[in-house]
Amino acid sequence: MAKLLYVTGIGPGKSEMMTREAARALHECGAVAGYSVYAELVREEYPDKEYIITPMTKERERCELALKKADEGITTAMVCSGDAGVYGMAGLVLELSGKYPEVEVYIIPGVTAALSGAAVLGAPISHDFAVISLSDLLTPWEKIEKRLRCAAEGDFNIVLYNPSSKKRKDHLRRACDILMESISPDRACGYVKNIGRDGEEAHILTLKELSEAELDMFTTVFIGSENTFKLRCRDRDMLVTRRIPVNEG
Ligand code: SAH
């Protein structure tokens, strides 16, 4: 029988935002491997699986444990929030899988925070956009600064992941200061906290206001391009990037 490991993006939180392919993998598997927060989200709906739970920082160990479990003949799903290839572990699993030649690895895509957060705000990334993580754990801060400057210069919509953490309180302010070297402080921006989870909250604000905001690590940030504006739609504000003119001709 085939030995299977599914590397599965589960979307931002609630189960409706998980793809049917991901749900099928979770239904089919005997074991679920994951970082505690995501494994717990899955456990509510799939309580009868074996759970292999590791802390956030033990990424290599988590991948090895998942590969080993699959190699024992137990179909395993390794879960990541959003998409497993976007700041996730899909690449590491594929690299480590060489040691387990009998295990077939399937990567199952998920709805990443840039997409689920954009939908909460309206339509902020309907044109070219760049995604940048402000975490300097694996990327030197100088490189992050360069990417921010280049994205601002290219007039991309920018989506920021990992805007803050307990250790890195000032990264968002520093990033906004860099963006304001070439972008107006009035530029329309937004952020969404706890997308698809309890306590979901969306805010639309200027780049200057964003630079003063205190955000946590469960937040995704959207920086507007020159074509982005706040739109009053029904009784709420939304963030929209214009791609198609309303009055054509
Ligand atoms: N693989 C994930 C990203 C992991 S990096 C994905 O594709 O979505 C972790 C960062 O993702 C967080 O700091 C935050 O910026 C963003 N993020 C992930 N899930 C989120 C959620 N439910 N709500 C808000 N932001 C989220």
Side-chain angles (χ1 to χ4, degrees), residues 6-19 21-22 25 32-42 44 54-59 62-63 66 77-94 107-122 124-125 129-139 141 144 147-148 151 157-176 189-205 210 213-223 239:
Y6 296 115
V7 184
T8 312
I10 61 167
K14 63 182 171 196
S15 65
E16 291 99 311
M17 293 174 97
M18 188 188 287
T19 67
E21 193 182 16
V32 175
Y35 156 55
S36 40
V37 173
Y38 308 129
E40 290 309 331
L41 282 173
V42 169
E44 281 173 28
T54 43
M56 181 148 64
T57 48
K58 302 271 183 194
E59 282 153 331
R62 191 182 316 150
C63 295
M78 197 172 92
V79 293
C80 291
S81 82
D83 182 88
V86 179
Y87 309 117
M89 279 171 312
L92 184 56
V93 173
L94 289 172
I107 312 292
I108 299 181
V111 181
T112 189
L115 306 185
S116 52
V120 175
L121 286 170
I125 51 171
F129 65 98
V131 175
I132 300 175
S133 166
L134 296 189
S135 169
D136 62 353
L137 293 177
L138 301 169
T139 308
W141 179 254
I144 297 172
R147 289 176 177 168
L148 289 164
N157 278 100
I158 305 170
V159 186
L160 299 177
Y161 282 57
N162 296 300
S164 172
S165 75
K166 282 199 189 90
K167 284 192 209 132
R168 301 173 276 108
K169 278 274 171 232
D170 66 337
H171 278 191
L172 179 65
R173 186 188 49 72
R174 282 161 67 188
C176 290
C189 295
Y191 66 84
V192 191
K193 205 173 154 167
N194 298 321
I195 304 161
R197 300 183 189 165
D198 289 344
E200 181 180 278
E201 255 180 53
H203 295 266
I204 295 174
L205 68 184
L210 181 66
E214 293 230 344
L215 306 187
D216 64 21
M217 62 186 286
F218 300 107
T219 306
T220 300
V221 173
F222 296 79
I223 314 285
L239 193 64

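One-based numbering, in listed order, for ligands and for the atoms of each. We number each residue from 1, following the sequence as shown. Basis for what follows: all heavy atoms, side chains included, without hydrogens, waters or symmetry-related copies.
Of all atoms in ligand 1, listed by their number and element, those nearer than 4.0 Å to a heavy atom of Asn194 are 23 (N), 24 (C). Numbered from 1 in the order shown, with element, the atoms of ligand 1 that lie under 4.0 Å from a heavy atom of Pro163 read 15 (O). Listed by number with element, the atoms of ligand 1 under 4.0 Å from a non-hydrogen atom of Gly82 are 6 (C), 7 (O), 8 (O).
Taking only nitrogen or oxygen atoms, main chain and side chain alike, Thr112 reaches within less than 3.5 Å of ligand 1. Taking only nitrogen or oxygen atoms, main chain and side chain alike, Pro12 reaches within less than 3.5 Å of ligand 1. Not one N or O of Gly88 is nearer than 3.5 Å to an N or O of ligand 1, by distance alone. Checked against a 3.5 angstrom limit, the closest N/O atoms of Val111 and ligand 1 fall outside it. An N or O contact shorter than 3.5 Å links Thr220 to ligand 1 by distance. Considering backbone and side-chain N/O of Tyr161, none are found under 3.5 Å from N/O of ligand 1. For Leu160, no nitrogen or oxygen atom sits less than 3.5 Å from a nitrogen or oxygen atom of ligand 1, counting backbone and side chain alike.
To the nearest 0.5 Å, atom CG of residue Leu134 and atom CG of residue Leu160 are 5.0 Å apart. Of the inter-residue distances, the one linking Ile158 atom CD1 with Ile125 atom CD1 reads 12.5 Å to the nearest 0.5 angstrom. Between the SG atom in Cys176 and the CG atom in Leu210 there is a gap of 4.0 Å [rounded to 0.5 Å].
Between the choices Met17, Arg197, Met217, Glu201, the shortest heavy-atom distance to atom 13 (O) of ligand 1 belongs to Met217. Remark: among candidates Leu115, Val120, Thr219, Val221, the nearest residue to atom 14 (C) of ligand 1 is Thr219, based on non-hydrogen atoms. Selection from Gly117, Ser81, Gly11, Ala113 by nearest heavy atom to atom 2 (C) of ligand 1 gives Ser81.
For the residue pair Ala130 and Ala151, the shortest heavy atom distance occurs at CB-CB, 4.1 Å.
Tested against Asp83, the residues Ile10, Thr112, Thr8 include a single side chain to side chain contact (heavy atoms under 4.5 Å, CB included) partner, Thr112.
Between Asp136 and His171 the shortest side-chain heavy-atom distance falls below 4.5 Å. Considering only heavy atoms from C-beta on, Arg197 comes within 4.5 Å of Ser81 through its side chain.
Leu137 CG: more than 12 foreign heavy atoms inside a 6.0 Å radius.
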